[in-house]
Chemist: 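I have a structure I would like to understand better, so I am pasting it below and will then ask my questions one at a time.
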Amino acid sequence: MLTKKQWEFCLDEIGKMFPDAHCELVHSNPFELLVATLLSAQCTDVLVNRVTADLFQKYKKPEDYLAVDIEELQTDIRSIGLYRNKAKNIQALSALLIEEFGGEVPADRDLLTTFPGVGRKTANVVVSNAFGIPAMAVDTHVERVAKRLGMNRWKDSPLMVEEKIMRWTLRERWTDTHHQIIFFGRYHCKAQNPACGECPLLPLCREGKKRMKHVG
DNA sequence: CTCCCGATAT
DNA sequence: ATATCAGGAG
């Protein structure tokens with residue numbers, strides 16, 4: 001298992017590799033980020049940004065999403081995939097925002113989690129990026145990197161990963177670290193062909209050492 | 001656990 | 001052809 005000292009070394013190296021890591025979901029207010037993050041489930045952020053470029057011109061407020069038929073919204077986001085669930089959730093969430101929150105996105109992680117289509121990961125992304133509240137969102141990249149390094153057991157839930165990373169990382173660096181791990185996972189420690197051969201973390205990486213041995 | 005689902009990389 | 005993508009709900 002990875003030690004805390006080794007984890008701190010990893011953060012140092014990953015930070016040097018991706019010093020300007022940031023949120024790649026294009027948005028200009030909390031509501032847009034909430035919608036963009038909901039759309040990003042099982043889909044690349046490049047595809048999300050391609051759709052929201054037009055979507056956010058057409059739909060500015062929660063009322064705008066409720067003013068069209070569900071079929072029209074489905075068509076507007078179809079290329080994203082999972083579009084039926086996502087369209088339904090966006091409309092339900094818009095109605096909830098209007099009825100209960102005056103049309104404003106609440107800056108509260110646990111409250112956001114009760115919204116339709118908004119789980120813990122999406123809520124963490126919104127509060128950290130839109131409101132500056134320290135949070136550690138565990139998506140597919142963060143979970144993969146943490147488990148490859150050997151922070152957790154392979155069967156551990158995303159919540160276990162989240163708690164372990166938060167315990168081992170300075171609170172004021174949670175959001176930064178979150179973005180840097182995502183960039184590391186997306187461009188270096190990739191799902192399909194991870195660049196273990198040129199990885200500074202290889203000497204302490206459980207999965208990396210196993211892979212290098214198997215390859216040659 | 002299964003289902004939702006189109007676009008892209010491998 | 002198959003795997004993966006800033007997951008969430010039933």
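Hydrogens, waters and symmetry mates are skipped; everything else that's a heavy atom, side chains included, is used. Proteins come first, then strands; the chains are lettered A, B, ... in the order of their sequence lines, and each starts at number 1.
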Chemist: As an exercise, state the distance from CD1 of A:I14 to CG of A:L201, rounded to the nearest 0.5 Å.
Modeler: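 Output value for this atom pair is 5.0 Å.
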
Chemist: Pick the C1' atom in C:dT4 and in B:dC4, then give their distance to the nearest Å.
Modeler: 15 Å

Chemist: Throw together a table of side-chain donor-acceptor distances under 3.5 angstrom for residues 33-40 of chain A, partners on residues two or more places apart or in other chains.
Modeler:
residue : atom : partner : partner atom : Å
A:T37   : OG1  : A:L33   : O            : 2.6
A:S40   : OG   : A:T37   : O            : 2.7

Chemist: Can you sort out the partners of A:F9 under ring pair (Phe, Tyr, Trp, His ring centres under 6.0 Å), two or more places apart, ordered by chain and number?
Modeler: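 Residues passing ring pair (Phe, Tyr, Trp, His ring centres under 6.0 Å) with A:F9: none at all.
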
Chemist: Less than 4.5 Å apart, side chain to side chain, heavy atoms only: is that true for A:L82 and A:Q42?
Modeler: yes

Chemist: Does any donor atom in the side chain of A:N129 or A:H179 lie under 3.5 Å from an acceptor atom in the other side chain?
Modeler: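 Their side chains do contain a donor-acceptor pair, which is all the 3.5 Å distance test asks for.
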
Chemist: For residues 94-108 of chain A, dump all side-chain donor-acceptor pairs below 3.5 Å to protein atoms at least two apart in sequence or in another chain.
Modeler:
residue : atom : partner : partner atom : Å
A:S94   : OG   : A:I90   : O            : 2.7
A:D108  : OD1  : A:D110  : N            : 3.0
A:D108  : OD1  : A:L111  : N            : 3.0

Chemist: On DNA chain C, compare the nucleotides closest to A:V118 and A:C43; which residue's is nearer the 5' end?
Modeler: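 Residue closer to the 5' terminus by nearest nucleotide: A:C43.
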
Chemist: Please give, in whole Å, the distance from B:dC4 C1' to A:N85 CG?
Modeler: 5 Å

Chemist: Starting from C1' on B:dG6, measure out to CG on A:L39 and report it in whole angstrom.
Modeler: 13 Å

Chemist: Please work out which residues in residues 133-145 of chain A have a non-hydrogen atom less than 4.0 Å from an atom of DNA chain C and list them by number.
Modeler: A:D139, A:T140, A:H141, A:R144

Chemist: Within a 6.0 Å radius of atom CE on A:M17, are there more than 12 heavy atoms belonging to other residues, nucleotides or ligands?
Modeler: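 Check passes, neighbour count above 12.
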
Chemist: Contacts to DNA chain C from residues 45-59 of chain A, heavy-atom cutoff under 4.0 Å, which residues?
Modeler: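 Nucleic-acid contacts, sorted: A:D45.
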
Chemist: If you assign each of A:V125 and A:P116 to its closest nucleotide in DNA chain C, which residue comes earlier from the 5' end?
Modeler: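 Result: A:V125.
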
Chemist: Roughly how far, to the nearest 0.5 Å, is the SG atom of A:C196 from the NZ atom of A:K213?
Modeler: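 One gets 13.5 Å once the value is rounded to the nearest 0.5 Å.
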
Chemist: Could you label the plane-to-plane angle of the A:F183 and A:Y187 rings as parallel, tilted or perpendicular, counting under 30° as parallel and over 60° as perpendicular?
Modeler: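 Ring orientation, 0 to 90° scale: perpendicular.
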
Chemist: Reading DNA chain C in the 5' to 3' direction, which nucleotide is the first one with an atom under 4.0 Å from a heavy atom of chain A, and which is the last?
Modeler: C:dA3 to C:dA9

Chemist: Distance under 6.0 Å and angle within 45° of the ring axis: does A:K164 meet both against A:W168?
Modeler: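 Yes, a cation-pi geometry.
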
Chemist: Would you measure the distance from the P atom in C:dA6 across to the matching atom in B:dT10 and give it in whole Å?
Modeler: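 Here C:dA6 and B:dT10 have their P atoms 13 Å from each other.
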
Chemist: So with a 6.0 Å cut-off around NZ of A:K58, is the heavy-atom count from everything else above 12?
Modeler: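 Above 12, so yes.
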
Chemist: Taking DNA chain B as the partner, which of residues 168-202 of chain A come within under 4.0 angstrom of it by heavy atom?
Modeler: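 Of all residues in residues 168-202 of chain A, the ones placing a heavy atom under 4.0 Å from DNA chain B are A:Q192, A:N193.
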
Chemist: Quick one, which residues of residues 146-154 of chain A touch DNA chain C with a heavy atom under 4.0 Å?
Modeler: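 By residue number: none to list.
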
Chemist: What's the separation between atom CZ in A:R84 and atom CD1 in A:I70, rounded to the nearest 0.5 Å?
Modeler: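 Here the rounded value is 10.5 Å.
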
Chemist: Find the distance A:R78:CZ to B:dC4:P and express it as a whole number of Å.
Modeler: 17 Å

Chemist: A:L25, A:I182: one ILVMFWY side-chain cluster at the under-4.5 Å cut-off?
Modeler: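 Hydrophobic grouping puts A:L25 apart from A:I182.
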
Chemist: What parts of residues 17-37 of chain A reach DNA chain C, counting only heavy atoms under 4.0 Å away?
Modeler: A:C23, A:E24, A:L25

Chemist: Is a side-chain donor or acceptor of A:S157 paired with a backbone partner of A:M160 at a separation under 3.5 angstrom?
Modeler: yes

Chemist: Is there any side chain to side chain donor-acceptor pair (under 3.5 Å) pair reaching into residues 62-71 of chain A, and which pairs are they, with sequence neighbours excluded?
Modeler: none

Chemist: Name all residues meeting the side-chain contact (heavy atoms from CB on, under 4.5 Å) criterion together with A:V68; count only those two or more places apart in sequence or in a different chain, and write none if there are none.
Modeler: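 Only A:Y59, A:E72, A:L73, A:Q91 meet the side-chain contact (heavy atoms from CB on, under 4.5 Å) criterion with A:V68.
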
Chemist: Give me the distance, rounded to whole Å, that separates C:dG10 from B:dC5 when you measure between the P atoms they each carry.
Modeler: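 Approximately 14 Å lies between the P atom of C:dG10 and that of B:dC5.
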
Chemist: Listing request: all salt bridge (Lys or Arg N to Asp or Glu O under 4.0 Å) pairs with a residue in residues 113-132 of chain A, at least two apart in sequence or in separate chains.
Modeler: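 Salt bridge (Lys or Arg N to Asp or Glu O under 4.0 Å) check on residues 113-132 of chain A returns A:R120-A:E162.
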
Chemist: Report whether A:V125 and A:W174 are members of the same hydrophobic cluster (ILVMFWY, side-chain heavy atoms less than 4.5 Å apart, transitive linking).
Modeler: no

